[in-house]
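Reviewing the structure listed below.
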Amino acid sequence: MRETKILLTGATGQLGGELLNQLERSGLRVSGFSHGELDITDEVEVDRCFARQAPNLVINCAAYARVDDAESEPSAAYSANVRGPGIIADWCRNHHAAMIHLSTDFVFDGLKTEPYLETDPVHPLSVYGKSKELGEKEIRKRLKEHLIIRTSWLYGTRGRNFVKTILALAMKNHPLKVVNDQFGCPTSAEDLAGAILRMVLRKDAYNDDTWGTYHYCGRGIVSWFQFAGEILDIVAREGRRKSPGLEPITTAEYPAKAGRPSFSALDCTKIGKAFGVETQPFEISLSRVVRKLLGEFNADQIP
Ligand SMILES: NC(=O)c1ccc[n+]([C@@H]2O[C@H](COP(=O)([O-])OP(=O)(O)OC[C@H]3O[C@@H](n4cnc5c(N)ncnc54)[C@H](OP(=O)(O)O)[C@@H]3O)[C@@H](O)[C@H]2O)c1
């Protein structure tokens with residue numbers, strides 16, 4: 001079996017940074033490229049960079065992931081989320097490489113009342129969700145040897161995310177109003193990176209039956225309000241600050257530019273069966289990230 005040679009795009013993003021760390025620590029051969037070093041929408045640049053690295057596995061963590069901004073910048077979102085993955089998939093097909101790609105719970109409309117299966121019909125409510133859906137299609141059309149992993153409500157110590165926003169406001173004792181009618185599964189970037197690492201290491205499980213689409217998210221379904229409550233409880237348990245007031249509101253009371261599913265929990269049974277990937281209880285992973293952030297930053301300094 002050939003040694004796995006990995007090329008990772010979007011390597012300084014929230015997930016990309018975490019995954020690069022874990023791949024390197026596990027001793028795998030990996031080269032990571034930030035947006036500044038490699039723009040996945042530039043076919044010539046991709047071709048030049050990939051030819052130099054000659055990977056047999058490309059992991060695409062690059063994406064336009066600013067959900068609300070995508071409504072006013074659709075061409076930037078479609079370029080990064082549709083054209084870029086298509087360019088990568090073409091290169092992989094022409095050079096006998098496999099591709100791992102990330103997608104989102106926002107491909108669903110939220111009308112279901114049980115966790116979404118990989119086979120459920122998609123119906124995105126936003127430009128971002130539509131662009132991710134079309135990105136999935138580009139890959140399926142071009143490359144058999146792919147794993148698309150849909151995840152949800154991602155947070156970690158890197159980048160901008162809900163946990164850091166709530167922590168920063170809590171540290172200023174800012175009263176919080178948080179949406180209580182959208183439900184999903186918070187997912188730690190560290191856990192997701194661990195799941196992808198496991199899939200990379202389980203090359204023996206790659207075959208015509210296992211290529212395809214998977215769901216991976218944290219275990220536990222909550223509203224954003226409940227998620228915020230859990231964050232504040234951890235802060236209080238750490239004795240860092242008296243919790244500010246937390247008030248539930250509706251989506252209608254907090255209008256955002258992009259539509260979001262009111263329920264987008266993902267069923268993760270398939271990834272467990274195919275690759276032995278287990279989901280983690282979200283409270284435990286969240287507590288680890290919050291404690292790390294509280295340890296790293298003083299009050300008012302959470303970026
Ligand atoms: N965040 C979530 O809640 C969430 C939920 C479900 C699924 N996902 C999916 O999970 C994946 C990882 O998300 P994330 O939260 O890690 O996103 P992120 O922190 O925004 O990271 C994405 C990275 O891609 C880079 N990038 C953007 N356009 C690029 C291009 N044309 N060429 C190369 N790099 C480019 C970004 O650089 P710049 O910042 O410089 O543009 C950034 O470093 C994405 O596929 C996302 O759609 C995320």
Side-chain angles (χ1 to χ4, degrees), residues 7-22 32-46 49-50 58-70 73 75-88 99-108 116 122 124 126-136 138-139 146-165 182 184-193 195-196 213-218 224 227 256 258 260-261 264-266 268 282 286 289 303:
L7 188 150
L8 176 72
T9 62
T12 51
Q14 181 170 219
L15 174 64
E18 187 57 48
L19 184 56
L20 182 61
N21 254 347
Q22 292 198 26
F33 293 88
S34 67
H35 192 177
E37 291 163 336
L38 174 68
D39 180 346
I40 62 163
T41 65
D42 184 333
E43 201 167 350
V44 175
E45 209 184 301
V46 167
C49 172
F50 282 30
V58 178
I59 307 179
N60 181 35
C61 287
Y64 184 109
R66 298 192 307 276
V67 178
D68 287 312
D69 293 346
E73 294 180 348
S75 56
Y78 284 113
S79 182
N81 295 345
V82 187
R83 182 176 150 73
I87 291 173
I88 295 174
M99 176 175 182
I100 296 180
H101 175 77
L102 276 300
S103 190
T104 173
D105 56 330
F106 283 10
V107 296
F108 296 116
Y116 279 93
V122 296
S126 62
V127 168
Y128 167 74
K130 186 73 193 167
S131 71
K132 296 297 288 185
E133 181 211 341
L134 294 178
E136 293 183 0
E138 284 298 297
I139 295 168
H146 70 261
L147 299 171
I148 293 171
I149 306 164
R150 294 190 188 128
T151 190
S152 61
W153 295 28
L154 202 58
Y155 66 89
T157 52
R158 295 178 169 78
R160 283 191 314 171
N161 58 59
F162 181 77
V163 174
K164 287 169 91 174
T165 303
Q182 289 171 27
C185 303
T187 308
S188 143
E190 193 182 344
D191 291 345
L192 176 58
I196 298 172
T213 303
Y214 292 87
H215 288 172
Y216 180 85
C217 59
W224 290 108
F227 188 14
R260 287 167 167 79
S264 63
L266 301 173
C268 303
F282 98 90
L286 178 64
V289 169

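Just so it is clear, the structure is predicted and the values come from calculations on it, not from any experiment. Note that ligands are numbered from 1 as they come in the structure, with each ligand's atoms numbered from 1 the same way. Numbering of residues begins at 1 and proceeds along the displayed sequence.
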task = Check whether any side-chain heavy atom of L192 lies under 4.5 Å from a side-chain heavy atom of L102, and answer yes or no.
result = yes
query = Can you find an N/O atom of H35 closer than 3.5 Å to an N/O atom of ligand 1?
reply = yes
ask   = Can you tell me if G13 has a non-hydrogen atom under 4.0 Å from ligand 1?
value = yes
task = For atom 8 (N) of ligand 1, state which one of Y128, F106, F33, Y155 supplies the nearest heavy atom.
result = Y128
task = Below 4.0 angstrom from a heavy atom of D39, which ligand 1 atoms are there? Numbered from 1 as shown, please.
result = 30 (C), 31 (N), 32 (N)
key: Min N/O separation I40 to ligand 1 under 3.5 Å   = yes
request  = Might you point out which heavy atoms bring T41 and D39 nearest each other, and give the distance in Å?
outcome  = OG1-OD1, 2.7 Å
task = Considering only NZ, NE, NH1 and NH2 on the basic side and carboxylate oxygens on the acidic side, decide whether R260 and D68 come within less than 4.0 Å.
result = yes
request  = Name the orientation class of the two ring planes belonging to Y128 and F106 (parallel below 30°, tilted from 30 to 60°, perpendicular beyond 60°).
outcome  = perpendicular
ask   = Which residue owns the protein heavy atom closest to atom 17 (O) of ligand 1, what's the atom, and how far is it?
value = A65 CB, 3.8 Å
query = Is there a donor-acceptor pair under 3.5 Å between the side chain of N161 and the backbone N or O of G156?
reply = yes
request  = Give a yes/no on ligand 1: does F162 have at least one heavy atom closer than 4.0 angstrom to it?
outcome  = no
task = Would you mind listing which atoms of ligand 1 come within a distance below 4.0 Å of any non-hydrogen atom of T41?
result = 31 (N)
ask   = So is S103 close enough to ligand 1, meaning a heavy atom under 4.0 angstrom away?
value = yes
message = Give me the atom names and distance for the closest heavy-atom approach of L15 to A189.
response = CD1-O, 3.8 Å
message = Under a plain distance cut-off of 3.5 Å, with no hydrogens placed, do Q22 and E18 share a side-chain donor-acceptor pair?
response = yes
query = Quick one: nearest non-hydrogen protein atom to atom 11 (C) of ligand 1, plus distance?
reply = L102 CB, 3.7 Å
Which residue and heavy atom of the protein sit nearest atom 5 (C) of ligand 1, plus the separation = W153 N, 3.9 Å
request  = Please report which non-hydrogen protein atom sits nearest to atom 6 (C) of ligand 1, along with the residue it belongs to and the distance in Å to one decimal place.
outcome  = T151 O, 3.1 Å
message = Suppose we measure from atom 13 (O) of ligand 1 to each protein heavy atom; which comes out shortest, and what is that distance?
response = L154 CD2, 3.9 Å
message = Looking only at protein heavy atoms, which one is nearest to atom 16 (O) of ligand 1, and what is the separation?
response = L15 N, 2.9 Å
key: Value rounded to 0.5 Å, distance of NE2 in H101 from CZ in R150   = 10.0 Å
ask   = Is there a side-chain contact between S131 and Y64 (heavy atoms, below 4.5 Å)?
value = no
remark   = Min over A62, G10, A63 of heavy-atom distance to atom 27 (C) of ligand 1 lands on A63
key: Nearest-0.5 Å distance, CZ of residue F108 to CG of residue L266   = 6.5 Å
inquiry  = For atom 19 (O) of ligand 1, what is the closest protein heavy atom, and at what distance to 0.1 Å?
reply    = Q14 N, 2.9 Å
ask   = Is C61 near ligand 1, meaning one of its heavy atoms is under 4.0 Å from it?
value = yes
request  = Specify the closest pair of heavy atoms between C49 and L38, including all atoms of both residues, with the distance to one decimal.
outcome  = CB-CD1, 3.9 Å
Rounded distance (nearest 0.5 Å) linking atom CG of L19 with atom CD1 of I59 = 5.0 Å
task = Considering only protein heavy atoms, determine whether one is less than 4.0 Å from atom 39 (O) of ligand 1.
result = no
ask   = For atom 33 (C) of ligand 1, which protein heavy atom lies nearest, and how many Å away is it?
value = L38 O, 3.1 Å
task = Could you tell me whether K132 approaches ligand 1 through its side chain, its backbone, both or neither, with non-hydrogen atoms closer than 4.0 Å?
result = side chain
query = Is T9 in contact with ligand 1, taking contact as a heavy-atom separation below 4.0 Å?
reply = no
inquiry  = Please report whether ligand 1 has a polar contact with D105, defined as an N or O pair separated by less than 3.5 Å (distance criterion only).
reply    = no
ask   = Under 3.5 Å between some N or O of ligand 1 and some N or O of T104?
value = no
ask   = How are the rings of F162 and W224 set to each other: parallel, tilted or perpendicular (split at 30° and 60°)?
value = tilted
Interatomic distance, N81 atom CG to L134 atom CG [nearest 0.5 angstrom] = 9.5 Å
